[in-house]
A.B. asks: 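Below you'll find the structure I mean.
Both counts, for ligands and for their atoms, begin at 1 and track the order of listing. Computed over heavy atoms, backbone and side chain alike; hydrogens, waters and symmetry mates excluded.
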Amino acid sequence: MPPLVNASRCTGCAGKEESFCERACPGDLMAVSPQSGKAFCRAANECWDCMSCIKVCPSGALELRIPYQIGYFGARLRPILGRNSITWKCRDINGVESTYSYRNRTN
Ligand code: SF4
Ligand code: SF4
């Protein structure tokens with residue numbers, strides 16, 4: 001399931017030759033629409049939810065749609081990368097958001 005793009009947050013990585021999400025996707029699936037200037041996944045069926053694009057987006061514009069087998073429709077997961085940590089914001093199907101932060105660097 002491809003990432004969900006929050007159009008109000010996506011800047012299209014304006015000024016960059018290639019957007020962060022395009023560079024990060026190992027399957028070359030992300031692109032920025034020349035019409036809207038917003039990111040989209042050009043081959044939804046080929047996305048394997050690796051979250052690389054979601055982690056690198058500097059605007060927090062991408063979210064993982066949690067598969068219904070785990071979270072049912074409407075559940076979302078968004079990582080926010082810090083210098084030495086990662087924070088996960090998880091929204092359940094009722095809109096309740098939980099935040100989990102972990103250190104991911106030791107020096
Ligand atoms: S990295 Fe984020 S802000 Fe940049 S084009 Fe992709 S979704 Fe938009
Ligand atoms: S989640 Fe992974 S495979 Fe899917 S579009 Fe993003 S970087 Fe590509």
A.B. asks: Is ligand 1 under 4.0 Å from a heavy atom in the side chain of Ala39, in the backbone, in both, or in neither?
C.D. replies: side chain

A.B. asks: Calculate, to the nearest 0.5 Å, the distance between atoms SG and CZ belonging to Cys25 and Arg42 respectively.
C.D. replies: 8.5 Å

A.B. asks: Can you tell me which portion of Val5 lies within the under-4.0 Å heavy-atom range of ligand 1? Options are side chain, backbone, both, or neither.
C.D. replies: neither

A.B. asks: Looking only at protein heavy atoms, identify the closest one to atom 2 (Fe) of ligand 1 and say how far it is in Å.
C.D. replies: Cys57 SG, 2.3 Å

A.B. asks: Heavy atoms, side chains only, cut-off 4.5 Å: are Cys10 and Ser59 in contact?
C.D. replies: no

A.B. asks: Atoms of ligand 1 less than 4.0 Å from Gly12 heavy atoms?
C.D. replies: 5 (S), 8 (Fe)

A.B. asks: Can Ile54 be reached from Phe40 by stepping across I, L, V, M, F, W or Y side chains whose heavy atoms are under 4.5 Å apart?
C.D. replies: no

A.B. asks: Please work out, at 4.0 Å between heavy atoms, whether the side chain, the backbone, both, or neither of Ser59 comes within that distance of ligand 1.
C.D. replies: side chain

A.B. asks: Just wondering, is there an N, O or S atom on Cys25 that's nearer than 2.8 Å to atom 6 (Fe) of ligand 2?
C.D. replies: no

A.B. asks: Would one find more than 12 heavy atoms of other residues, nucleotides or ligands at under 6.0 Å from atom CG of Asn45?
C.D. replies: no

A.B. asks: Using a distance-only test with no angle check, is there a side-chain donor-acceptor pair under 3.5 angstrom linking Lys89 and Thr99?
C.D. replies: yes

A.B. asks: Kindly compute the distance separating CD (Glu97) from CZ (Arg78), expressed to the nearest 0.5 Å.
C.D. replies: 6.5 Å

A.B. asks: Does the distance from a Lys or Arg side-chain N to an Asp or Glu carboxylate O, for Asp92 and Arg76, drop under 4.0 Å?
C.D. replies: no

A.B. asks: Around atom 6 (Fe) of ligand 1, find the nearest protein heavy atom and jot down its residue, atom name and distance.
C.D. replies: Cys21 SG, 2.4 Å

A.B. asks: Quick one: which ligand 1 atoms are inside 4.0 Å of a heavy atom on Leu62?
C.D. replies: 7 (S)

A.B. asks: Which residue owns the protein heavy atom closest to atom 4 (Fe) of ligand 2, what's the atom, and how far is it?
C.D. replies: Cys47 SG, 2.4 Å

A.B. asks: Strictly under 2.8 Å, is any N, O or S atom of Cys13 next to atom 2 (Fe) of ligand 1?
C.D. replies: no

A.B. asks: Please report which non-hydrogen protein atom sits nearest to atom 8 (Fe) of ligand 1, along with the residue it belongs to and the distance in Å to one decimal place.
C.D. replies: Cys10 SG, 2.4 Å

A.B. asks: Indicate the atoms forming the closest heavy-atom contact of Ser85 with Asn104, along with that distance.
C.D. replies: N-OD1, 3.0 Å

A.B. asks: Only heavy atoms of Met30, strictly under 4.0 Å: list the atoms of ligand 2 that pass.
C.D. replies: 5 (S)

